[in-house]
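Here is the naming used below: chain letters follow the sequence lines, and residue numbers restart at 1 for every chain.
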Protein chains: 2
Amino acid sequence: MSIFLKMGRDWPPLEALHLTSTSPDINGSAARKTSRRDPENSRRALIAATLDTIAEIGITDTTVSKIIERAELSRGMIHLHFGGKNQLLVAAAQSFGEEYFEELERGIQDAAGDPEAIIMAVIRADLGEALMNERSTRIWHAFRGAAHANDGIALYSSTRDKRLRDTIRSAFRDIARDYDEKDDPVLARDATFGLIVLLEGMWVDYLSNPHAFSREAAVSIIRRFISGLFPRHFR
Amino acid sequence: MSIFLKMGRDWPPLEALHLTSTSPDINGSAARKTSRRDPENSRRALIAATLDTIAEIGITDTTVSKIIERAELSRGMIHLHFGGKNQLLVAAAQSFGEEYFEELERGIQDAAGDPEAIIMAVIRADLGEALMNERSTRIWHAFRGAAHANDGIALYSSTRDKRLRDTIRSAFRDIARDYDEKDDPVLARDATFGLIVLLEGMWVDYLSNPHAFSREAAVSIIRRFISGLFPRHFR
DNA sequence: ATACTTAATGGACGATCGTCCATTAAGTAT
DNA sequence: ATACTTAATGGACGATCGTCCATTAAGTAT
C-alpha cells in the first residue's frame, strides 16, 4: 500500500478511495456541513469528543487516540487545530463553561427584574436535567480536579464560578434591601455563600449516586435554607 | 557496576554499601523501624507516597515511577506488596477513608450521648484543619472522580460516605423526637441530607480556594441552616 | 557454619503515550 | 487547465508507562 501511494496516482477512482477512508460515514445527520473540509466543524467535533470521553472513561484515561477515535478524525487533527492535547483540553474546558452559563442565562431570562424569581430560577436551572446530569457532573468534577495542575483549565473553571456567584449575589443584595437591618451586606454575603455551597454539594451528591438523587427534594431543601435567612421571601 | 555485582561479593564493607544505596537517609526520624527489611513499613510507605503524590500532582500524573521515587523504595516493591499499581491505589483509598473516620470519631467521642453535641462535633471535625486541608481535599476529590472507573476505589469511597451519613442521621433522629410533629422521620431525613450536602459543598469550596475559606463562617452558616429545621436547638 | 525462607532490587520488556511532519486531498484564484 | 493555499491524513519517533522476574540481600532455623 505504501508503495502504491508512492507513485503518481491520480488514476484510482476517487469514489472508491473516499468510501474506504471514511467508510461508515452514515453519521452525517445534521451536524456535517456541506463538504468534507470544514475546519470549524472539526474543531467542534474534537471538543465534543474530548468532553464525551472525559465523561465516559475519566480524564485520566482520556488519550489522544481515544479522542480521535470517537471524533472519527485523523490523528494529526489535534495538533493541527489546537497545537497539542493540552490546548485541546483547555478549549474543551472553556467551551464547557460557556455552555453552562448560556444554559443558565436561558433559564433565568424570564425572571429578569425580580430578584426572588432570579434566585429560584438559578436553583431550578442548576439542578435541572439540562445542566445537572451524569455527563456534565463528571466533566465538571474532572476539570475541577485538573485545575490544580493546569492553569488554562483553572482559568475557565474559576470564570464559570465567578459568573454564577455574581449573578446570585446581585439578586440577594436586592432582596436584602427589604430587610433594613444593620447587617444588610452580611446577610447577602451569607446567603450567597450558603446557596453556592448547597449547589456545589448537590452536584457532588448527584455525581456520587445519580439514580438516588431527587431534584425536587434538593430544591425544597435549598428553599427552606434560604427562607430561614429571608423570612418574608421564598415561602 | 553490574559486573561488580555479578561476582561473589561479601567483601565490600556493608556500611559503605548501605550509605550508597539509601544515601541521604536522614529521614529516619521516628518512622523507620529497626532494620532495612520491614515489609509492613514498606507497605505503609508506599501508601503514604501514593497519597502524597496524588495530593501534589493529581491522580492523572501519579505513576509508579513517581510513587517509588517519593517512597525511596525500589521499582519492584509495588508489584511485590500489592500486586500492581491499581491494587495500591485501592489500598490507598481504603487507608484514606479509614483515617478520615478515625479522626472523625476522635472528634465526637466527648459528645457521646448528646445528639446535639454530636452534630456540632461532626461539623467542627469535618471542617477542622485535621480533616479538611489541602492534601485531604485533593485526595478526596481525586478518589471520588476515579470511583466511576474503579470499583475498588468506589467501594471504599462509598463506605466512608455511608459511615458519616449513619452517624449524622442517628443523631438527628434523636433530636427529631423532641419535636412531636407528624413529620418526624421527614425532618431527620431532610436535616441529614442538608447537612451532608453542606459539608460536601464546603469541601468543594475549600478545594477551589483554600486561602479564601473561612472555617468559622462555614460553621456559622451550617448552624444557621440546622437551627432553621430545629428551632429549639443549635442556637 | 549451613541451608532455607522471605524481602528487596533494578533492569528488560512490550504497550501505549503525545508530538511531529512528509505527503495527499480539497478548495480557490487566475 | 494551472498554480497556489489550506485542510486532512496517518505513520514514524522518542519518551514513558506498568508489569514482570532473575538476581541479590537480609533474616531465621538448624
- Counting just side-chain N and O atoms, does Ser65(B) come under 4.0 Å of either OP1 or OP2 of dC17(D)? yes

With a cut-off of less than 4.0 Å, is there a side-chain N or O of Thr63(B) near OP1 or OP2 of dC17(D)?
yes

Worked verdict on Ser158(B) versus Asp161(B) for side-chain hydrogen bond (donor to acceptor under 3.5 Å, both in side chains):
CA-CA 5 Å; Ser158(B) 68; Asp161(B) 292 352; over 6 Å; no

Can you tell me how far [atom2] of [N] sits from [atom1] of [X], to the nearest Å?
X        : N       : atom1 : atom2 : result
Asp38(A) : dT28(C) : CG    : P     : 11 Å
Leu73(A) : dA25(C) : CG    : P     : 18 Å
Lys66(B) : dG18(D) : NZ    : P     : 9 Å
His81(B) : dT9(C)  : NE2   : C1'   : 11 Å
Ile78(B) : dA7(C)  : CD1   : P     : 17 Å
Ile68(B) : dT16(D) : CD1   : C1'   : 13 Å
Glu69(B) : dT16(D) : CD    : P     : 12 Å
Glu72(A) : dG10(D) : CD    : C1'   : 16 Å

Taking pairs as Watson-Crick (N1-N3 plus N6-O4 or O6-N4) or G-U wobble (N1-O2 and O6-N3), each distance under 3.5 Å, the stems of three or more consecutive pairs with DNA chain D are C:1-30 with D:1-30

Just verifying a value: how many Å separate [X] [atom1] and [Y] [atom2], rounded to the nearest 0.5 Å?
X         : Y         : atom1 : atom2 : result
Ile108(A) : Ile118(A) : CD1   : CD1   : 6.0 Å
Ser42(B)  : Asp38(B)  : OG    : CG    : 6.0 Å
Leu51(B)  : Arg135(B) : CG    : CZ    : 5.0 Å

Margin query: I want to check something: taking the side chain as every heavy atom from C-beta on, are Ile47(A) and Phe82(A) in contact at a cut-off of under 4.5 Å?
Written below: yes

Closest to the side chain of Ser42(B), out of dA8(C), dT19(C), dC17(D), is dA8(C)

Contacts satisfying salt bridge (charged side-chain N to carboxylate O under 4.0 Å, His left out) that involve residues 118-134 of chain A (not counting sequence neighbours) are Glu129(A)-Arg215(A), Glu134(A)-Arg138(A)

> Is Glu98(A) salt-bridged to Arg160(A), cutoff N-O under 4.0 Å?
Replying inline: no

* To do: Could you tell me whether Glu40(B) and Arg43(B) make a salt bridge, using a distance below 4.0 angstrom between a side-chain N and a carboxylate O?
  => no

Review point. For the residue pair His141(B) and His141(A), does the interplanar ring angle fall in the parallel (under 30°), tilted (30 to 60°) or perpendicular (over 60°) class?
Key: parallel

Ring pair (Phe, Tyr, Trp, His ring centres under 6.0 Å) filter on Phe225(A), not counting sequence neighbours, yields Phe225(B)

Expected list for residues 84-95 of chain B near DNA chain D, using heavy atoms below 4.0 Å, is Gly84(B), Lys85(B)

Between side-chain atoms of residues 192-202 of chain A and protein atoms elsewhere (two or more places apart, or another chain), which donor-acceptor pairs fall under 3.5 Å?
unit_1, atom_1, unit_2, atom_2, d
Thr192(A), OG1, Ala188(A), O, 2.7
Glu200(A), OE2, Arg144(A), NH1, 3.4

Between the protein and nucleotides 20-22 of chain C, list every N/O to N/O distance that falls short of 3.5 Å.
unit_1, atom_1, unit_2, atom_2, d
dC20(C), OP2, His79(A), NE2, 3.2

